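A quick write-up on the structure given underneath.
None of these values were measured; they are calculated from a predicted model. Just so it is clear: chains get the letters A, B, ... in the order the sequence lines come, proteins before strands, and each one is counted from 1.
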There are 2 protein chains.
Amino acid sequence: MSPEAAEVLESAAPAGRMSATDRREQILVAATAVFGAKTYVGTTTDEVARAAGVSQPYVVRLFGTKQKLYIEVIQRAYAHLLDAFAAALPGPVDERASRLGAAYTGLLAERGMLPVIAGSTQMGGETEIGQVAREGFSSLWHFIRVDAGFSADETRGFFATGMLINAVVGLRLTDDYGTGVSATEVLDECFPDALEKVRAFLPKVGEPW
Amino acid sequence: MSPEAAEVLESAAPAGRMSATDRREQILVAATAVFGAKTYVGTTTDEVARAAGVSQPYVVRLFGTKQKLYIEVIQRAYAHLLDAFAAALPGPVDERASRLGAAYTGLLAERGMLPVIAGSTQMGGETEIGQVAREGFSSLWHFIRVDAGFSADETRGFFATGMLINAVVGLRLTDDYGTGVSATEVLDECFPDALEKVRAFLPKVGEPW
DNA sequence: CACTGTAGTAATCGACTGATAACATGTCAA
DNA sequence: TTGACATGTTATCAGTCGATTACTACAGTG
């Protein structure tokens, strides 16, 4: 019934020859899942390759280095999030914040996307990767502040909530829902609308993404 | 004047023979700095050993495995933070939130402490480490909610702000202060009181902790 | 002083990982 | 058909890392 944990990361990969452009995108999807599940250093290029259904050297050759692959993964994740925000912008102004929030939790549907973004916020010490992460974060901030028209404090609150969601997801607090008091409260009282979404998409402890 | 970047991680280590208890604590301090700077998987036991001024096998023997060492580092970090919160509790009730917030940013003075806590919130997928991280987070939540008497929503806001600080620190956004619009705003308008502290203690991009 | 436990190191190993080189196969235009 | 380029693999390597083993040195006690 439930798929074997070890096989969750493996995507369908019967595809034969493919255009380099399509293959790149396929690898980026797989890489997002794996990097999100195992962090940057914790991920091997071979795991990404097998998740994408290609050989390890081919992944390296297509992207140059593991670091360059990761940078593309980050940039793609921030770009997707910006797209989701942009799509959630039109509509009643008084519901704008909740629509944008839903756009964020909606990223949970794309495997690895949210943990990749969360992980990127801890890579500021890396010279090249950190630069990309700061640019991504700043682009989000600019969108919420300028395009969405939030005040400085509203923007702060919006991002703060997002970072708390990152922690809740990263900690797998959903596993303690109903048993742990803190977990139940943080999920139940603080994310009533996101709760369903989060619990539905979140993997259990020990399970890969 | 300023110490060489490569030597920042190296602590004074002229000490000769030492009691195992003292040596453990010394290694935990060093390990907190290194784990905080390079993440769990990104850190080698040899780096921890050299930062503590002992040999690599000795670190492994004292703590059993790298994972057990990391678990002790996390537990120690959460315990220290709880202590800091407890110390900040007494005083005027209307300034309680800002005192507790200052207690959090005060952790920046202990090298690696804050990034270790931030990093632990992304380790929920690891069976054993995740358990420890969830327990640590829950203990903090319980303290703020119960001992400090915050409402559910106040607690949520307090933790959300903390997670945003983690991101700001992890991204090294301070490096863009004055040049990047987003960075300047998030620091200047949103953390006016913490700004000094953060900028004073934060390493620059590329520098280890 | 000898004995015993504790603190500590040097040497080394097996497993892993990112990257490279060499080779193979498929596609398509002329 | 054939040449030429793009897609892809197998084999392999050099470096790294956590852990184990075996050994050394010191301190306190009777």
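- In this entry the distance linking CD of B:Gln67 with C1' of D:dA19 reads 14 Å, nearest Å.
- Figure legend: B:Lys66 and B:Tyr40 shown as a cation-pi pair, the cationic atom lying under 6.0 angstrom from the six-membered ring centre and within 45 degrees of its axis.
- Of the residues near DNA chain D, B:Tyr40 and A:Tyr58, the one whose nearest nucleotide (by heavy atom distance) lies more toward the 5' end is A:Tyr58.
- Nucleic acid contact class of B:Thr44 (heavy atoms, under 4.0 Å, all strands): sugar-phosphate only.
- Distance, A:Asp46 CG to D:dT10 P: 11 Å, rounded to whole Å.
- Residue A:Thr45 has no polar side-chain atom (N or O) positioned under 4.0 Å from OP1 or OP2 of C:dT17.
- Each of A:Val41 and B:Ser19 was assigned the nucleotide of DNA chain C with the nearest heavy atom; the assignment lying further toward the 5' end belongs to B:Ser19.
- Between the OG atom of A:Ser55 and the CZ atom of A:Arg61 there is a distance of 8.5 Å, given to the nearest 0.5 Å.
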Are there any protein N/O atoms within less than 3.5 Å of an N/O atom in nucleotides 2-6 of chain D, and if so, which ones and at what distance?
| residue | atom | partner | partner atom | Å |
| --- | --- | --- | --- | --- |
| D:dA6 | N3 | A:Arg17 | NH2 | 3.1 |

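- Of the inter-residue distances, the one linking B:Leu173 atom CG with B:Glu185 atom CD reads 12.0 Å to the nearest 0.5 angstrom.
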**Message:** Show, in sequence, the C-alpha distance, side-chain angles and deciding distance for A:Gln26 and A:Val29, and conclude whether the side chain to side chain contact (heavy atoms under 4.5 Å, CB included) test is met.
**Reply:** CA-CA 5 Å; A:Gln26 179 183 4; A:Val29 171; 5.9 Å; no
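- Between B:Lys66 atom NZ and D:dT20 atom P there is a gap of 15 Å when expressed in whole angstrom units.
- Separating the CZ atom of B:Phe63 from the P atom of D:dA19 is a distance of 13 Å, rounded to the nearest angstrom.
- Note on B:Arg24 versus B:Glu72: salt bridge recorded, some NZ/NE/NH1/NH2 to OD/OE distance being below 4.0 Å.
- Atom CD in A:Gln56 sits about 8 Å away from atom P in C:dA19, given to the nearest Å.
- Using a 4.0 Å heavy-atom criterion, one finds that A:Thr43 contacts the sugar-phosphate atoms exclusively.
- Scanning atom types as modelled, no donor and acceptor separated by under 3.5 angstrom connect the side chain of A:Arg23 and the base of D:dG8.
- Checked against side chain to side chain contact (heavy atoms under 4.5 Å, CB included), B:Ser19 has the following partners two or more places apart in sequence or in another chain: B:Thr21, B:Asp22.
- A:Arg50 has its CZ atom 14 Å from the C1' atom of C:dG18, to the nearest Å.
- The listed nucleotides are C:dA7, D:dG18, D:dT10; the one nearest the side chain of B:Arg61 is C:dA7.
- Sequence neighbours left out, the pairs with a member in residues 158-167 of chain A that pass side-chain hydrogen bond (donor to acceptor under 3.5 Å, both in side chains) are A:Tyr104-A:Asn166, A:Thr161-B:Arg156.
- As a whole-Å value, the separation of A:Asp22 CG from D:dG8 P is 10 Å.
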